[in-house]
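Throughout, a chain's letter reflects where its sequence line sits, starting with A, and its residues are numbered from 1. Nothing here was measured: the structure is a model prediction, and the numbers come from that model.
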Amino acid sequence: MTVRIDIRENTYYDSVTLMALTQKMAAHPGVTEAVAVMATPMNKDLLAGVGLLTAAADAAGADDLIVAIRAESDAACEAALALFAGATARRAEDKKTAVSFTSLDAAVRHLPGANLAVISVPGEYAAREARAALRNGLHVMLFSDNVSLADEIDLKTTAHEKGLLVMGPDCGTAIVNGVALCFANAVRRGNIGVVGASGTGTQEVTVHIDRLGGGVSQVLGTGGRDLGAEVGGIMMLDCLAALSKDEATGVIVLISKPPAPSVADKIVAAIQTCPKPVVVCFLGGANAVGAGGTYFAATLEEAARAAVALATGDKPPSQACSHEKLATMATVARAKLAPGQHAIRGLYCGGTLCQEAARTAPGEGHIFIDLGDDDYTKGKPHPMIEPSLRLPYILEAARDPSVAVLLLDVVLGYGAHPDPAGVTASAIVQAREIARAAGRHLEVIAYVCGTDADPQGKAGQESKLAAAGATLAKSNARGAYLAAAVVSREV
Amino acid sequence: MSPINELFAKQLSVINIGAPVFKDDLAAQKVAVTQLDWRPPAGGRPELITALDCLEARPEIDAANAEAVTAILSARPVLTDVALSALEAIPGMTPTTILHAGPPIDWEAMAGPMRGAVIGALIYERLAADEQEAGRLATSGKITFAPCHEHCAVGPMTGIVSASMPVWVIENATHGNRSYCTLNEGLGKVLRFGAFSGEVIDRLRWMQGELAPALKAALAFTGAIDLRTMIAQALHMGDECHNRNKAGTSLLIRTIAPGLAKAGLAPEVVARVLAFMHSNDHFFLNLSMPAAKAALDAAHGIEGSSVVTTMCRNGVEFGVRVSGCPGNTWFTGPAQMVQGLFFPGYTVADANPDLGDSAITETYGIGGFAMGGAPAIVQFVGGTPADALEYTTKMYEITLAENTSYTIPNLNFRGTPTAIDIRRVVGAGLLPVINTGMAHREAGIGQVGAGIVRPPRECFDKALLALAQRVGKK
């Protein structure tokens, strides 16, 4: 055991500094006792208490510093003293600490200019946060699902009274002031305002607007239950009113599943008083012109076409898109099928895209799965974020002798996986190989919902799918039409 | 224009609550976005969330809190006198009353240091001759134990106050209420850490016989001393007025010295009094604490208010009182261990759990809440001046006001975070930070270190549930 007593005359450190250094030295391996103190009578008593008060230390005065070490070896003593010397020479580094906030109230107090809360916490807590946001005068994008209907009605009622947005719950897509929120694509700005009760439905309409040369002013979401009888379309009506007054918006597109009849009446009445042309896509209707200049579109793509035409001052196209070319392609593919191959297997990441495609399928025996549905996402990420979740379903479809067509969506944009086509391509190759080995042709039809400005880049994603042997569709509706045509006996 | 149309004309400024990927995407689009350090409110406990929902966004509670905040900020505690005995000054005091720190506690349950201090006080009062007799008396039922806080008083560490101890008299010049605190005995073997040896009793007798009368006489010449001003100055001199009182003590000496000189005392008395104050960096603590107490008592008992008016510890339990639960309604939880540095020769095994009424300073918006202006203190937890600032800035999340008297120079003279709101504490799951000393767990050994401690969460949980029940549904 070695003892080292260092006395530094006329050297002052405050007691807190010395305690911190003492702790550091004592923690050094081999050191059994370390004391760094000013040589006051009280501190000398302390030293005596641990058997380190040498005669020299006792003789030191109150403005002298004593560093006393007891250690297993000389080396350990030296190391501890070096630690002390190093630490006292060291200039404290200026640590930059970022301000962080635990509560929304505190964040808003610090950021008085905040105007939008994006909320994606678990559903049971989401309504609370949304309430706090509204209380603070913030608009809300409520991505979370599993929010009760009662909370949704309460939130939207409050928002309506305050004139604020509550986009959601379960709203995945919006583009406000050109900024993509959650799952949204990089779409050109323009004069078409969109309100959607569906996420991927809205994405599909906006990417087609972009593709057709149009652009969007604002893209707002309402969540899927907004047009139900209970919520009564509060947010759809508020968004419609806001876009009606918005100078940058010339044409308005509404996207939803067919609303409850009571709500449909309110929406139609609101459209009739709207001074701007309104295109409505209540998935599944036919192209039609309704009373008061309402344009009903049968598909998401048709809605975009109508909107872009109206936005440039034209009339919406009276004819639906021509599918002649698709029919020819279908004939070629059909010729390759083995007997017994008659079914479409649609494996979708986007719920609305899945619904739109399923509607087109002829006859029986087809299976369409929305892998983003709650039943498939419990405890897992959404397949738009993690596309590998779809791969086992792709291989399973390939092994099913009744499956003729595998129909896939690949959704790009902010929020989505950085390379969904790359993740999916090898499974497509494998699937086609499985079918081929069993003497079948598996027609894989894929649709990439996105733009070239998206972080993933549409062209690059499409070429990966094409290289894997997939047939690429120009829209979700066309992909679905082609799939139907391949398995249809009449065409 | 509707707020929605107004939004269309503005730059987005987003607060992201949840998945960080959405924040990253927004940042990639060059949008101003702040990620909330979110966690389930109230630890995700449904009954607490229900209570929060009941208490949040309620105009009558906000109004009650505004009243409490005004009371705290407008309070002007001034030192008016030294009362030569607690018996004559403190309301409800009797010759056999012993006041102690923290929430109510029986002799049987008291921690080592507090028992030691009780024994010392009984010997000092000549109610017992020695430790054994004092112990018997303490258990006899003839002694009334009560929290200082229930008698307009506060005491550091064990906080023991007995009938013949002299006390500072602080008056809240704004509201007229008074508060009391004993004179600080210094460091080492002292009663407040549970020491009761002869030297401790002798010192107390000297304080009673010489120190207190001298200071009383000096105060008669200096007149009342504005403690709010003195605390404000001390904060600008590196004190946080809980764990560091060097500046406050110096300011007090400077202010009172002319009075001492004029009071016609023998020079050796003046010298002893000045030397005693000078030898004890914490002398001012026994003034910053009752100053805080005087201000907070004025804010207590406002129906509906969720403002914390007391935080204190008896070495076994931590106790909280809330303005909207009037009177002596205590919400308690187990006293925690202090995290910090130990004097040489001591380890965590020697330390008593959190002890003393001194957390009244944090309740008042100083102490740990003002650490940003007292960077020397932060080394107790191995921190840097930047950490000290962060401790302070975090506390703005759980408080309702920025102090109008107490400011932090290196936060651009921002007022210290003041008026703790239990809704915010529970909602954010963020507990107040308290700077404190550590007592040895055995009576009479004294201070073993200092550091930082947080109250147990359950004090605030219980207070929240009780307040929600009291004010009823919206």
Side-chain angles (χ1 to χ4, degrees), chain A residues 14 16-17 19-20 22-23 35 37 42 46-47 49-50 92-97 99-109 111 113-121 125 128-129 131 135 138-139 143-144 162-165 176-177 179-182 218 238-239 241-242 245-246 248 414-415, chain B residues 1-5 7-8 10-19 21-23 25-26 28-29 31-41 44 49 52-53 56-57 187-188 341-345 376-377 379-380 382 384-387 389-390 393-394 396-397 424 427-430 449-450:
Chain A
D14 66 275
V16 183
T17 300
M19 283 160 72
T22 297
Q23 203 125 316
V35 182
V37 287
M42 192 175 130
L46 282 172
L47 280 170
V50 293
E93 285 162 43
D94 189 11
K95 186 175 136 197
K96 285 259 187 299
T97 44
V99 194
S100 71
F101 302 98
T102 316
S103 68
L104 186 79
D105 288 330
V108 171
R109 281 199 298 278
L111 304 159
N115 47 29
L116 174 68
V118 176
I119 300 170
S120 57
V121 300
Y125 307 118
R128 257 187 75 74
E129 300 299 337
R131 255 179 219 111
R135 193 161 69 226
L138 267 66
H139 299 277
F143 179 84
S144 311
K162 294 183 163 233
L164 295 168
L165 288 170
V176 177
N177 303 348
V179 175
L181 300 169
C182 300
Q218 304 291 345
D238 281 357
C239 290
K245 281 182 263 166
D246 178 38
Y414 291 101
Chain B
M1 210 195 308
S2 89
I4 300 176
N5 290 96
L7 178 71
F8 294 164
K10 285 182 190 157
Q11 291 274 340
L12 282 195
S13 174
V14 179
I15 297 175
N16 188 48
I17 309 155
V21 60
F22 295 145
K23 181 210 71 174
D25 279 342
L26 286 165
Q29 296 175 78
V31 173
V33 55
T34 301
Q35 175 75 21
L36 211 61
D37 180 16
W38 187 87
R39 59 196 90 162
I49 294 174
L52 276 177
D53 287 341
E56 280 177 348
L187 292 165
L341 292 180
F342 292 90
F343 296 148
I377 280 294
Q379 294 188 77
F380 275 121
T384 62
D387 295 328
L389 283 171
E390 202 181 346
T393 49
K394 268 289 180 200
Y396 290 108
E397 277 204 43
R424 294 192 174 171
L430 190 62

In Å, rounded to the nearest 0.5 Å, how long is the span from [atom1] of [X] to [atom2] of [Y]?
{"X": "A/Phe143", "Y": "B/Ile17", "atom1": "CZ", "atom2": "CD1", "result": "14.0 Å"}
{"X": "A/Leu138", "Y": "A/Leu104", "atom1": "CG", "atom2": "CG", "result": "6.5 Å"}
{"X": "A/Phe101", "Y": "B/Asp37", "atom1": "CZ", "atom2": "CG", "result": "10.5 Å"}
{"X": "A/Leu165", "Y": "B/Ile4", "atom1": "CG", "atom2": "CD1", "result": "4.0 Å"}
{"X": "B/Asp25", "Y": "A/Leu181", "atom1": "CG", "atom2": "CG", "result": "10.0 Å"}

Return the option, out of [options], with the maximum number of heavy-atom pairs under 4.5 Å with chain B.
{"options": "A/Arg131, A/Arg109, A/Arg128, A/Arg135", "result": "A/Arg128"}
{"options": "A/Asn177, A/Val37, A/Thr102", "result": "A/Thr102"}
{"options": "A/Ala106, A/Ala242, A/Gly415", "result": "A/Ala242"}
{"options": "A/Leu111, A/Asn115, A/Thr22", "result": "A/Asn115"}
{"options": "A/Ala107, A/Ser144, A/Ala114", "result": "A/Ala114"}
{"options": "A/Asp238, A/Val176, A/Asp105", "result": "A/Val176"}

Based on non-hydrogen pairs under 4.5 Å, which of [options] is most in contact with chain A?
{"options": "B/Asp53, B/Asn5, B/Leu52", "answer": "B/Asn5"}
{"options": "B/Arg424, B/Lys10, B/Gln35, B/Arg39", "answer": "B/Arg424"}
{"options": "B/Ala28, B/Ser2, B/Ala428, B/Pro3", "answer": "B/Pro3"}
{"options": "B/Ile49, B/Val21, B/Val33", "answer": "B/Ile49"}
{"options": "B/Pro40, B/Gly449, B/Gly345", "answer": "B/Pro40"}

Of the backbone (N, CA, C, O) and the side chain (C-beta and beyond), which part of [X] lies under 4.5 Å from a heavy atom of chain A, both, or neither?
{"X": "B/Leu26", "result": "side chain"}
{"X": "B/Val31", "result": "side chain"}
{"X": "B/Lys394", "result": "side chain"}
{"X": "B/Tyr396", "result": "backbone"}
{"X": "B/Gln29", "result": "side chain"}

At their closest point, which heavy atom of B/Ala19 faces which heavy atom of A/Ser120, and how far apart are they?
N-OG, 2.7 Å
Where on [X] is there a heavy atom nearer than 4.5 Å to chain B: the side chain, the backbone, both, or neither?
{"X": "A/Ala180", "value": "both"}
{"X": "A/Leu46", "value": "side chain"}
{"X": "A/Val179", "value": "both"}
{"X": "A/Leu47", "value": "neither"}

Between A/Tyr125 and B/Trp38, how do the two ring planes meet: parallel, tilted or perpendicular, split at 30° and 60°?
tilted
I'd like to know whether A/Cys182 forms a side-chain contact (heavy atoms from CB on, under 4.5 Å) with A/Val118, so could you lay out the CA-CA distance, the side-chain angles of the two residues, the decisive distance to 0.1 Å, and finally the verdict.
CA-CA 8 Å; A/Cys182 300; A/Val118 176; 3.8 Å; yes
Taking the side chain as every heavy atom from C-beta outward, state whether B/Leu7 and B/Leu12 have any atom pair closer than 4.5 Å.
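When only atoms from C-beta onward are counted, B/Leu12 and B/Leu7 do touch, with a gap below 4.5 Å.
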Side chain of B/Glu397, backbone of A/Ser103: donor and acceptor closer than 3.5 Å?
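Side chain of B/Glu397 to backbone of A/Ser103: a pair is present.
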Check whether any side-chain N or O of B/Asp387 sits under 3.5 Å from a backbone N or O of B/Thr384 as a donor-acceptor pair, and report yes or no.
yes
